[in-house]
Amino acid sequence: EYRRKVQLCLDVFETMLARSSFEFDRPLTGMEIECNLVDDDYQPVMTNSDVLAAIADPAYQTELGAYNIELNVPPRPLGGHTGVELEKEVRASLNAAETKANAGGAHIVMIGILPTLMPEHLASGWMSESSRYAALNDSIFNARGEDMQIDIGGPEPLSLKSTSIAPESACTSMQLHLQVSPEDFAGNWNAAQVLAGPQLALGANSPYFFGHRLWSETRIELFAQSTDTRPDELKTQGVRPRVWFGERWITSIFDLFEENVRYFPSLLPEVSDEDPVAELAAGRTPHLAELRLHNGTVYRWNRPVYDVVAGRPHLRVENRVLPAGPTVIDMLANAAFYYGMLRTLSEEDRPVWTRLRFAAAQQNFLEAARHGMQARLHWPGVDDVTTEELMLDKLLPMAHHGLDRWGVAAEVRDRLLGVIEGRARAGRNGAAWQVSTVRALERRGMTRPAALAEMLRLYCEHMHTNEPVHGWPDP
């Protein structure tokens with residue numbers, strides 16, 4: 001019944017796309033920031049229900065881990081001085097939340113993976129109280145029929161078995177949304193896929209997991225492995241992973257929803273009462289609940305979103321590539337770079353994806369996740385190039401032009417892209433600062449756990465100054 005209903009939703013969605021009955025008069029941007037909770041010793045603390053009760057703001061929600069919360073920033077147009085207003089608003093919101101969390105002995109940290117998280121923290125009591133999360137955990141393990149094997153390379157390779165999706169909860173990201181018209185969706189999604197590598201090279205902030213130094217953005221590989229529903233035999237048969245970069249450039253948003261239905265079995269087969277065909281025939285907007293739920297369990301790095309607000313349907317690209325942190329200004333700079341680049345790339349007469357193999361975009365993504373600012377990236381016309389050269393010579397001017405096209409005020413554009421330029425010239429993102437700081441502390445005789453905790457204490461100090469990470473001092 002669920003599969004039939006998902007297919008029915010897909011057919012109705014195709015009809016709606018043909019009629020183009022979508023809200024897109026004012027392109028809106030939105031942001032979600034996933035955060036970690038730690039105690040006074042900078043160890044994870046499983047108290048998100050208490051912290052959320054203290055914050056008492058509907059903008060803050062639970063996440064998978066009991067040591068995670070999420071801040072949802074309301075959607076808004078991008079132009080003018082929005083960037084400055086957003087910086088003030090997000091900082092004020094997080095500072096107020098931090099003050100309330102402190103009363104219960106917790107601190108809020110924006111980082112890709114909490115460096116002090118260790119296996120014992122995820123032994124029990126780690127999951128938020130939610131039947132949906134428990135069902136998702138059971139469904140993934142039922143599909144696998146065996147324990148989860150995590151194998152991640154890097155300078156200090158890690159190999160372990162997990163009996164739950166707990167390692168997934170370690171992955172805390174920032175999501176960027178852009179509302180687009182059906183006609184513009186494919187161009188924006190393709191552009192976002194091209195950008196995934198450069199985004200990660202600039203923004204990597206997850207070099208440690210369970211005490212091991214792994215990838216610059218370990219979160220990418222950890223998330224992929226910790227939600228993998230495929231036992232080994234299905235992997236060798238070429239069954240696609242649920243955390244998925246994709247495999248081709250697209251011509252319509254329909255391509256992505258169709259792939260999701262064709263390639264992926266359901267994880268949470270909940271059926272609604274809605275008859276989408278009847279709703280559409282009656283002139284109402286169908287919610288397509290089954291299609292949206294199914295879409296929510298295929299973890300694309302750039303996810304297509306169908307949503308209904310105040311009875312009007314709209315489409316969004318949800319960019320899930322970046323980690324949280326290090327500071328609000330760093331995250332807004334990352335967002336400005338993304339939105340500026342997206343505008344330029346999606347409007348080019350001869351789009352870059354017509355000159356770049358999809359596999360090369362995926363290779364850039366993995367290379368950047370492994371090596372961060374040290375990654376060498378492929379770009380049409382320059383072949384393999386350092387991250388610094390690509391940013392300064394090619395991409396920053398394109399982002400600049402794109403923000404102008406969005407109508408962003410010049411001083412806002414220059415402030416935010418100035419952070420990206422400074423980071424590219426310094427060769428230092430959050431991951432690089434974390435690694436160099438831990439190295440310096442260990443040289444002074446600290447053990448790895450002590451060095452990670454002290455590094456996180458310093459990180460939180462700097463995070464609250466809102467100084468961009470490329471200017472943070474070494475200890």
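Closest approach of His107 and Asp39 over heavy atoms only: CD2-O, 3.6 Å.
Residues Asp384 and Leu377 fail the side-chain proximity criterion, which asks for heavy atoms closer than 4.5 Å.
Ring geometry, Trp472 versus His462: the interplanar angle falls from 30° to 60°, so the pair is classed tilted.
For the pair His371 (side chain) and Arg376 (backbone), a donor-acceptor distance under 3.5 Å is absent. Although no hydrogens or angles enter the test, the distance criterion places no donor-acceptor pair under 3.5 Å between the side chain of Glu70 and the main chain of Gln61. For Arg91 (side chain) and His464 (main-chain N/O), a donor-acceptor pair under 3.5 Å exists by modelled atom type. For Thr344 (side chain) and Ala399 (main-chain N/O), no donor-acceptor pair under 3.5 Å exists by modelled atom type. A donor-acceptor distance shorter than 3.5 angstrom exists from the side chain of Tyr67 to the backbone of Ala170, with no hydrogens or angles considered. Side chain of Ser162 to backbone of Met148: no donor-acceptor contact under 3.5 angstrom is found. When atom types are taken as modelled, the side chain of Ser128 and the backbone of Gly65 share a donor-acceptor pair closer than 3.5 angstrom. When atom types are taken as modelled, the side chain of Trp433 and the backbone of Pro473 share a donor-acceptor pair closer than 3.5 angstrom. A donor-acceptor pair under 3.5 Å links the side-chain atoms of Arg320 to the main chain of Arg300, judged by distance alone.
A salt bridge does not link Asp228 to Arg242: none of the charged side-chain nitrogens sits closer than 4.0 Å to a carboxylate oxygen. Electrostatic pairing of Arg415 and Glu87 counts as a salt bridge here, judged by a charged N lying under 4.0 Å from a carboxylate O.
Within 6.0 Å of atom CZ in Arg357, 12 or fewer heavy atoms from other residues, nucleotides or ligands are found, so the atom counts as exposed in its surroundings. Heavy-atom neighbours of Lys235 NZ from other residues, nucleotides or ligands within 6.0 Å: above the threshold of 12.
No close placement of the Tyr133 and Trp126 rings is indicated, their centers lying 6.0 Å or farther apart. Proximity of the aromatic rings of Phe358 and Trp249 is defined here by a centroid distance below 6.0 angstrom, and this criterion is met. Ring centroids of Tyr459 and Tyr42 are separated by 6.0 Å or more, keeping the two rings apart.
Screening Tyr299, Phe245, Trp215 against Phe223 for a ring pair (Phe, Tyr, Trp, His ring centres under 6.0 Å) leaves a single residue, Tyr299. Test His177, Gln193, Gln199, Gln175 against Asn319 for side chain to side chain contact (heavy atoms under 4.5 Å, CB included) and you get one pass: Gln199.
In this structure, CG on Leu366 lies 9.0 Å from CG on Leu200, to the nearest 0.5 angstrom.
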